Amino acid sequence: MNQAATSKRTPHIDRLAKEGVTLTQHIAASPLCTPSRAAFLTGRYPIRSGMAAFSRVGVFLFSASSGGLPSEEITFSKLLKQRGYATALIGKWHLGMNCESNNDFCHHPLSHGFDYFYGLTVTNLRDCKPGQGSVFLKGVQMYLVILIQILGVTAVSLAVVHYVSFFKVPFEALGFCLLITCISLAVLIFFFYHFRHLNCFLMRDHQIIQQPLSYENLTQRLTTEAVRFIERNHNAPFLLVLSYLHVHTALYASKMFRGKSRHGLYGDAVEEMDWSVGMLILGQILDVLENYNLSNRSLVYFSSDQGAHIEEISSSGEVHGGCNGIYKGGKSTNWEGGIRVPGLLRWPGVIHAGTYIDDPTSNMDIFPTIVKLAGAQLPYDRIIDGHDLMPLLQGKVIRSKHEFLFHYCNAYLNAVRWHPRNSESVWKVFFFTPNFTPEDSSGCYDSHVCFCYGGFITQHDPPLLFDLSRDPEEKVPLTPETENRFYEILSVIQLAVDNHTRSLQAVSDQLSWNNLVWKPWLQLCCSSFFQFCYCDYDSENSVPEVHSG
């Protein structure tokens, strides 16, 4: 724990940890939002559901993309709904929306077992908040320059060939090519100029209620929706997934929290999220679970879908991406800083308060844990990679069932973690590592995120080997000279990789370029394009009184 982490005021999250179990080696199944969320909901590595990209882009960026969590995937929300649970997702979804038309909602939360949805179908981006810059600008500028150069050289070459009479190029053909180029550029410029209106909107179930999204009191609105859902369903079993936009950029904080922390806007956002946790669970204003005598009957889980995005720095130099403490790297990498995430679980009277569990666990474990608690049957027709956490949480066993965990960078197997049954060591091998830019940094600052193939990585043969029990910062790779079991460890891990690889089946690539690109016919608009897709039906939503500090 570093000083920056301990100086943020998070009394309610701290209390959640004190009254529950802290998983100190809790691992996200992916260092990126989309695949990690798919793994969390299904209990399966994202490579099994087609939610791991072979291309450079590993997440959905547009509301009118056709990719998403496939309908044949079974989520824990589907299974709990079948058991009579009321189910709701409030906040960020980021697992797709439509397939073939703008109202088929094939990937929408309501098609994956949730009765109620209030939130964003894509994600929170800097492009969604005026004045926060763009995550696309650098890439678009680079490719636009290349495109213009190619078109310019092609046009000049055709003109030269035409005039020196090598062969005749019809002027109609040149004019048609120029027209297509101009139209394409105009569509591209229009799309990115209006990105906020087209992609950053708030939905209630299948209806857009605010387009573009307003950040004013947003966390309070999400909290209000969560409170109302609990109040509506306190007499029946329910599942609530509250997926905060905090602290993904673009950062924001409500007026009562802005400028109050010691760590700028990032700290303000963290403290506002802590307020929301306290309001829902631990007793800030409404003490909802306690008021309805639900505390001892409710399992609460708090986590993140990946590590901090350390490359997120504002134009003024303020750190907006957070800090991963002692751990190397961050979001988009499988260094510990990218995948080791908070893992807090609280259930008074059922799991022991103040317990720390150091064995490797995964966010995929939530699927079998809550499915079994609900009395539902785990699917028998597919591999579930997660394991039931309850025996570990209740102290009935002392070792996690995860002997091996496989860490993918998009669809490429990047690293493997091995915790032998008869050892305290946690071995981790890397088959390749990202090339940090600048070289002496701990991130890919030139490209904003690290990528998974080609010139963006360095392959390792033999793989890099670390013992996380002795070197959690992954500073010094082991060698045959420093670890006498070096080749034996690599051999065991390679055998596990072979077995894992044989268990994979070919599936449709949901993050292919065809599924990632913006498709105008899938675009949702709550008014009309002539009105810039503007509407606001959420401004009347009352928010709770806020007491900060």
Side-chain angles (χ1 to χ4, degrees), residues 30-38 46 49-70 91-99 102 105-109 119-130 132-144 184 187-203 208 211-213 215 243 245 248-251 305-306 309 311-312 320-321 331-332 409-411 444 447-453 456 509-525 533:
S30 170
L32 288 173
C33 314
T34 293
S36 181
R37 287 164 182 266
S49 58
M51 297 295 282
F54 289 93
S55 61
R56 183 182 299 186
V57 179
V59 300
F60 296 115
L61 297 171
F62 312 128
S63 66
S65 297
S66 58
L69 187 63
K92 173 179 167 180
W93 172 240
H94 210 184
L95 292 172
M97 183 160 57
N98 291 310
C99 289
N102 67 359
F105 299 112
C106 63
H107 302 308
H108 190 276
L120 283 72
T121 57
V122 194
T123 187
N124 179 30
L125 293 171
R126 281 191 282 167
D127 301 71
C128 293
K129 189 178 181 186
Q132 293 295 306
S134 172
V135 298
F136 301 105
L137 190 58
K138 183 182 292 187
V140 169
Q141 284 178 333
M142 179 179 70
Y143 287 113
L144 197 58
S184 300
V187 170
L188 188 65
I189 292 169
F190 173 85
F191 174 76
F192 283 105
Y193 185 78
H194 294 288
F195 180 92
R196 177 169 169 255
H197 288 260
L198 296 176
N199 294 282
C200 311
F201 50 77
L202 191 66
M203 297 188 79
I208 296 177
Q211 190 173 13
L213 170 73
Y215 287 88
S243 181
L245 276 67
H248 197 293
T249 50
L251 292 180
D305 48 11
Q306 80 264 316
H309 191 178
E311 293 92 347
E312 276 284 10
H320 278 191
K331 176 177 179 175
S332 79
C409 184
N410 286 356
C444 301
S447 54
H448 192 63
V449 292
C450 297
F451 299 116
C452 304
Y453 60 87
F456 298 105
D509 182 3
Q510 296 297 321
L511 288 155
S512 66
W513 283 114
N514 179 55
N515 281 326
L516 283 172
V517 297
W518 178 62
K519 297 178 177 177
W521 58 93
L522 299 182
Q523 183 64 55
L524 283 181
C525 185
C533 294

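Fair warning: this is a prediction, and the values are worked out from it, not measured in the lab. If you read the sequence from its start, that first residue is 1, and numbering goes on from there.
- Here the side chain of H248 pairs a donor or acceptor atom with the backbone of N124 at under 3.5 angstrom.
- For the atom pair NE2 (H107) and CG (N98), the distance works out to 8.0 Å, reported to the nearest 0.5 Å.
- When the disulfide bond (SG atoms under 2.5 Å apart) test is applied to C450, the partners found at least two apart in sequence or on another chain are C444.
- F62 CZ to Q523 CD: the interatomic distance, rounded to the nearest 0.5 Å, is 10.5 Å.
- A distance-only check finds no donor-acceptor pair linking the side chain of S65 to the backbone of G67 [under 3.5 Å].
- Under the 3.5 Å distance criterion, the side-chain polar atoms of Q510 are left unmatched by any main-chain donor or acceptor of P70.
- A search for side-chain hydrogen bond (donor to acceptor under 3.5 Å, both in side chains) contacts involving H320 returns nothing, not counting sequence neighbours.
- Between the side chain of H197 and the backbone N or O of C525 there is no donor-acceptor pair closer than 3.5 Å.
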*asked:* Assess the residue pair H309 and H448 against the criterion (ring-ring contact (aromatic ring centres under 6.0 Å, His included)); give the C-alpha distance rounded to whole Å, side-chain angles, the decisive distance to 0.1 Å, and a yes or no.
replied: CA-CA 9 Å; H309 191 178; H448 192 63; 4.6 Å; yes
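- Every side-chain hydrogen bond (donor to acceptor under 3.5 Å, both in side chains) that T249 has, sequence neighbours left out, goes to E312.
- No side-chain donor-acceptor contact under 3.5 Å links W513 to the backbone of L516.
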*Going through the checks in order, is the side-chain hydrogen bond (donor to acceptor under 3.5 Å, both in side chains) test met by S243 and K92?*
CA-CA 5 Å; S243 181; K92 173 179 167 180; over 6 Å; no
